[in-house]
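Report on the structure given below.
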Amino acid sequence: MAALTGRADLHCHSTCSDGMLSPEQLVHKQADAGVSVMSLTDHDTTEGLKQARTLCSERGITFINGIELSASFHGTSVDVLGYGFHEESAVLQSYLSHVRDLRIIRMERMLEQCQKNGVLVTIDDLAPFVTGSVPARPHLAKALVHLGYASSIQNAFRRYVGSSAPCYVNKQEEVHPLEAASLIQQAGGFAVIAHPVYYGLDQELSSWLQDTRIDGVEVYHRDHIEQDMARYKRMTEDAETRSRTLLKTGGTDYHHESFGRTGEYIGASQLPYEEAVRTVNHVKGGRSQ
């Protein structure tokens, strides 16, 4: 049988969280780049899903509900991707409402840090750049560029809002990755550990796969070299059984071209198309699989 061909992106972000394109702009760029399967995986929000799903239908793109939940394991930030969940889930939406409140508090504290460091930026300055419900660091970075404090988004992160910069404030009360996975699963979805090469938690990841508490791994990511992809592919396949399929997902992790990471542009995903189709088919089957 001939190999399936096409392009897919199961990990990308819009302005509803940390991206710089609206869901509409993002979908149109994906379609123009030849992407035929995509998932919008905004951080801690489902706000853009309805619009993205409608536009994908109009542009002939197969769409999967997605999200990226922030979590923490012994001080290490771990992102958990969710696919195919019911976005109206009361359990999930209650949690996301709580996270939104924390994100607003965090931004207020970052603005206070800016003021203390002589950077005169206010919440009103962010308003023109925030299209979602919650301001995030890329929105603050864009405001800093507009106000002349930075020459680019990347420069703003390096000088002011990056994790080692003076205006940065840590996230609060992040859940354990398995709690994040449980929230996704309770909403009828599948939980996948995002870009595991960032964490140095391969032993824990293998254990979570083996004891069935997560549903897969983002094997194909722009920051995974060939050896990483081979390792995580093997780890995932070793944990599969005849009755349990595990997902091997991937995508561009697109936020915007000036985010400061290599290979972050629409249509550049390393995800094999057959794995995207496999994910779509599995998600359509629901959690009974």
Side-chain angles (χ1 to χ4, degrees), residues 9 11-30 38-49 51-52 66-70 77 79 81 96 99-115 117 119-172 174 194-195 198 221-223 251-266 268:
D9 191 346
H11 189 171
C12 58
H13 304 278
S14 77
T15 49
C16 291
S17 65
D18 290 348
M20 283 298 183
L21 296 177
S22 68
E24 179 180 13
Q25 291 170 320
L26 182 63
V27 170
H28 288 317
K29 277 186 172 286
Q30 294 279 18
M38 72 166 283
S39 179
L40 177 62
T41 53
D42 277 332
H43 289 278
D44 303 316
T45 181
T46 60
E47 186 177 342
L49 294 183
Q51 184 184 24
I67 197 167
E68 187 168 16
L69 296 184
S70 303
S77 291
D79 290 332
L81 293 160
L96 295 179
V99 171
R100 280 194 293 273
D101 291 342
L102 292 179
R103 285 171 72 103
I104 290 171
I105 292 170
R106 183 192 185 205
M107 181 53 63
E108 290 172 347
R109 292 177 177 172
M110 291 189 72
L111 290 171
E112 290 174 1
Q113 286 298 111
C114 285
Q115 296 285 337
N117 284 275
V119 180
L120 306 182
V121 57
T122 68
I123 194 67
D124 291 337
D125 295 318
L126 269 65
F129 308 107
V130 180
T131 57
S133 59
V134 180
R137 283 192 296 161
H139 307 134
L140 175 54
K142 199 164 187 178
L144 293 176
V145 173
H146 178 73
L147 292 171
Y149 288 104
S151 58
S152 65
I153 303 295
Q154 186 177 359
N155 180 253
F157 267 79
R158 184 172 65 251
R159 295 182 62 189
Y160 300 110
V161 299
S163 58
S164 59
C167 303
Y168 180 80
V169 173
N170 287 325
K171 295 177 182 178
Q172 299 172 284
E174 288 185 322
H195 37 60
Y198 291 173
H221 187 271
R222 60 159 188 271
D223 291 335
T252 58
D253 199 2
Y254 177 88
H255 293 73
H256 51 89
E257 280 87 349
S258 58
F259 197 70
R261 293 169 176 168
T262 59
E264 187 175 15
Y265 54 94
I266 298 297

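Excluded from the calculations below are hydrogen atoms, water molecules and symmetry mates; all remaining heavy atoms, backbone and side chain alike, are included. Computed from a predicted model, the values in this text were never measured in an experiment.
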Quiz item: If we only count heavy atoms from C-beta on, is the D44 to E68 side-chain gap below 4.5 Å?
Solution: no
Quiz item: What distance do R137 atom CZ and C167 atom SG have between them, rounded to the nearest 0.5 Å?
Solution: 11.5 Å
Quiz item: So which heavy atom on V161 is nearest to which on A141, and how close?
Solution: CG2-CB, 4.4 Å
Practice problem: Look at the side chain of D9 and the backbone N and O of T252, then say whether any donor-acceptor pair between them is shorter than 3.5 Å. | Solution: yes
Quiz item: Under a 4.5 Å cut-off applied to non-hydrogen side-chain atoms, are L140 and L111 in contact?
Solution: yes
Quiz item: If you measure from SG on C12 to CD1 on I266, what distance do you get to the nearest 0.5 Å?
Solution: 6.0 Å
Practice problem: Please step through side chain to side chain contact (heavy atoms under 4.5 Å, CB included) for the pair Y254 and L26, ending with a clear verdict. | Solution: CA-CA 10 Å; Y254 177 88; L26 182 63; 3.8 Å; yes
Quiz prompt | Nearest atoms (heavy-atom pairs only) where P166 meets Q113 | solution = O-NE2, 3.3 Å
Practice problem: Look only at the side chain of S17 and the backbone of D42, and say whether a donor-acceptor pair between them is shorter than 3.5 Å. | Solution: no
Quiz item: For R222, does its backbone N or O pair with a side-chain atom of D253 as donor and acceptor, under 3.5 Å?
Solution: no
Quiz prompt | Gap separating the OG1 atom of T15 from the CZ atom of F129, nearest 0.5 angstrom | solution = 13.0 Å
Practice problem: State the NE2-NE2 distance between H255 and H11, to the nearest 0.5 angstrom. | Solution: 6.5 Å
Quiz item: Near H28 NE2, under 6.0 Å, is it more than 12 heavy atoms from other residues, nucleotides or ligands?
Solution: yes
Quiz item: Between the main-chain N or O of A136 and the side-chain N or O of H139, is there a donor-acceptor pair closer than 3.5 Å?
Solution: yes
Quiz item: Hey, does P138 have a side-chain heavy atom less than 4.5 Å from the side chain of F157?
Solution: yes
Quiz item: If you measure from CE on M110 to CZ on R106, what distance do you get to the nearest 0.5 Å?
Solution: 5.5 Å
Quiz item: Between H43 (side chain) and L69 (backbone), is there a donor-acceptor pair under 3.5 Å?
Solution: no
Quiz item: Judged by atom type as modelled, is there a donor-acceptor pair below 3.5 Å linking the side chain of R159 to the main-chain atoms of Y149?
Solution: yes
Self-check item: Backbone N/O of C16 and side chain of S14: donor-acceptor pair under 3.5 Å
Solution: yes
Quiz prompt | Distance in Å, H195 NE2 paired with L81 CG, rounded so as to fall on 0.5 Å steps | solution = 7.0 Å
Exercise. Decide yes or no for V145 and S151: does some side-chain heavy atom of the first lie under 4.5 Å from some side-chain heavy atom of the second?
Key: no
Quiz prompt | side chain to side chain contact (heavy atoms under 4.5 Å, CB included) between K171 and S70, worked out | solution = CA-CA 9 Å; K171 295 177 182 178; S70 303; 3.4 Å; yes
Self-check item: Main-chain N/O of V121 paired with Q115 side-chain donor or acceptor, under 3.5 Å
Solution: yes
